[in-house]
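Let me begin by presenting the structure, written as structure tokens, before commenting on it.
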Amino acid sequence: MAEAGIAESIRRGMGDCSPAERKVARVLLSAYPSAGFETVARLADRAGVSGPTVLRFVQRLGYRGFPDFQEALRRDLDERSASPLRIHQSRPPREDASASLRERAAAISVATLQRTFDELSTHDLDRSVDLISSAPGAVLIAGGRYSGLLGQVLALHLEQLRPRVRVLPDDAPARAALVEDMGRRDVLVLFDYRRYEDHTQRLARAARARHASIVLFTDSWLSPIASDADVVLSSETGAPSPFDALTPVLALIEAVVAGCFDRLGDAAVDRMARADKVASDLGLY
């Protein structure tokens, strides 16, 4: 099971830091990973703290010193950009060679799912539910090559619970029009996972410029979008194949949907009933 990436470890540990150490954490996350490769003096200057504060911060993260932290950062960077082929090539030989596929897949999948929820912040989950369920404007959803499918799953559920839920279309003029109309009353939900996609990051920057809220689903290495997001829901990626696990993301989606259903209450139930009647009147089912 892969450990949480450095960026996620920084984000999770900020609550235990001193105010000065939190300044270091914010600088590292806002320009991750490049800020971590600067000198101690340069990083301290950017954060407005002393050099010893930077060293205390990396020691709090569990590193012996700044060179040790930077070496871990290099390994983390390799993990963030790893392709499925590289993941396969770098895996050690299986210790459970006699285990069946059923046993191996069950053990890995259950452990990955359990770690995802063990590390999930109750505050972050509740905040994402609050933003999505109570947004007075639209809830717009987008992702990447594979993660876009996850966004569609979320949208299919949310559109039954509340109005104005849209997956951003691939058609350029239609997408541009929706982004141009985005404002502070809207929420943009993004899915972005390692080998992070530039067009998704551009969407986040456009949303932030228009003062929309951002909910980010990502992995434990954290998409660069994390520094712009209002809330981050990260999941572990361990899987029996070289491809990152989708099950934990789907479980997070289901948790968010359950929270939105509870939060919207009778309004959601009434909307579902009205939609069922319309579908029946139209002969859809």
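For the numbers below, each heavy atom of this structure counts, side chains included, while hydrogens, waters and symmetry mates do not.
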Strictly distance-based, threshold 3.5 Å: is any side-chain N or O of Thr53 a donor or acceptor partner for the main-chain N or O of Glu21?
no
Quick one, Tyr32 and Leu222 - any side-chain contact, counting heavy atoms below 4.5 Å?
no
Check: Asp219 side chain, Tyr193 main-chain N or O, donor-acceptor pair, under 3.5 Å:
no
With a 3.5 Å distance limit and no angle check, can you tell me whether Arg175 reaches the backbone of Asp170 through a side-chain donor-acceptor pair?
no
Which heavy atom of Leu168 sits nearest to which heavy atom of Ala142, and what is that distance?
CD1-CB, 3.9 Å
Heavy-atom donor-acceptor pair, Thr218 side chain to Ser223 backbone, under 3.5 Å
yes
Taking every non-hydrogen atom, the tightest pair across Val249 and Ser235:
CG2-OG, 3.4 Å
Indicate yes or no: at least one non-hydrogen side-chain atom of Leu43 is less than 4.5 angstrom from one of Phe57.
no
Would Val58 end up clustered with Met14 when hydrophobic side chains under 4.5 Å apart are linked, directly or stepwise?
yes
Can you check whether Thr112's main-chain N or O pairs, donor with acceptor, with Thr116's side chain at less than 3.5 Å?
yes
Would you say that Pro169 contacts Leu178 through its side chain, given a criterion of any heavy-atom pair below 4.5 Å between the two side chains?
yes
Would you indicate whether the side-chain heavy atoms of Val256 and Leu233 approach each other to under 4.5 Å?
yes
Inter-residue atom distance Gln160.CD - Asp276.CG, 0.5 Å rounding
8.0 Å
Are more than 12 heavy atoms from other residues, nucleotides or ligands located less than 6.0 Å from atom OH of Tyr146?
no
Which atoms form the tightest heavy-atom contact between Leu113 and Ala251, and what is the distance?
CD1-CB, 3.5 Å
Can you sort out the partners of Gln114 under side-chain hydrogen bond (donor to acceptor under 3.5 Å, both in side chains), two or more places apart, ordered by chain and number?
Asp118
State, yes or no, whether a side-chain contact exists between His157 and Val153 at a heavy-atom distance under 4.5 Å.
yes
Passes side-chain contact (heavy atoms from CB on, under 4.5 Å), Leu264 versus Arg271? Steps please.
CA-CA 10 Å; Leu264 291 166; Arg271 178 176 174 82; over 6 Å; no
Phe37 and Pro33: which non-hydrogen atoms are nearest, and at how many Å?
CD1-O, 3.5 Å
Do Leu149 and Phe191 pass the side-chain contact (heavy atoms from CB on, under 4.5 Å) test, and can you show the C-alpha distance, the side-chain angles, and the key distance before you say yes or no?
CA-CA 9 Å; Leu149 298 174; Phe191 291 80; over 6 Å; no
Considering only NZ, NE, NH1 and NH2 on the basic side and carboxylate oxygens on the acidic side, decide whether Asp16 and Arg60 come within less than 4.0 Å.
no
Using a 4.5 Å cut-off on heavy atoms from C-beta on, say whether the side chain of Val231 contacts that of Asp130.
no
Heavy-atom count check: over 12 atoms from other residues, nucleotides or ligands less than 6.0 Å from Arg202 CZ?
no
Donor-acceptor check, side chain of Arg162 to backbone of Ile132, threshold 3.5 angstrom: yes or no?
yes
Minimum heavy-atom distance Leu252-Ser234, with the two atoms named:
CD1-O, 3.7 Å
Counting only N and O atoms by type, is there a donor-acceptor contact under 3.5 Å from the side chain of Arg210 to the main-chain atoms of Ala206?
yes
Go through the steps for Asp270 and Arg274 under the test salt bridge (charged side-chain N to carboxylate O under 4.0 Å, His left out), then give the verdict.
CA-CA 6 Å; Asp270 291 345; Arg274 294 194 304 272; 5.0 Å; no
With a 4.5 Å cut-off on side-chain heavy atoms, are Arg11 and Asp124 touching?
yes
Closer than 3.5 angstrom, by distance alone: can the side chain of Ser147 be matched with the main-chain N or O of Leu150 as a donor-acceptor pair?
no
Mutual orientation of the aromatic rings belonging to Tyr63 and Phe69 [parallel < 30°, tilted 30-60°, perpendicular > 60°]
perpendicular
Who passes side-chain hydrogen bond (donor to acceptor under 3.5 Å, both in side chains) against Asp228, sequence neighbours left out?
none
Is Ser220 reaching over with its side chain to a backbone N or O of Glu236, donor-acceptor style, under 3.5 angstrom?
no
Which heavy-atom pair separates Gly144 from His199 by the least distance, and what is that distance?
CA-NE2, 4.2 Å
Would Ile141 and Leu158 count as a side-chain contact (heavy atoms from CB on, under 4.5 Å) here? Give the steps.
CA-CA 11 Å; Ile141 302 172; Leu158 289 180; 4.3 Å; yes
Applying side-chain hydrogen bond (donor to acceptor under 3.5 Å, both in side chains), can you list everything that pairs with Arg208, at least two apart in sequence or on another chain?
Asp230
Does Arg166, at its CZ atom, have more than 12 non-hydrogen atoms belonging to other residues, nucleotides or ligands within less than 6.0 Å?
no
Are any side-chain N or O atoms of Asp76 and backbone N or O atoms of Trp221, one a donor and one an acceptor, separated by less than 3.5 Å?
no
same_hphob_cluster(Val269, Val257) at 4.5 Å side-chain heavy-atom cutoff
yes
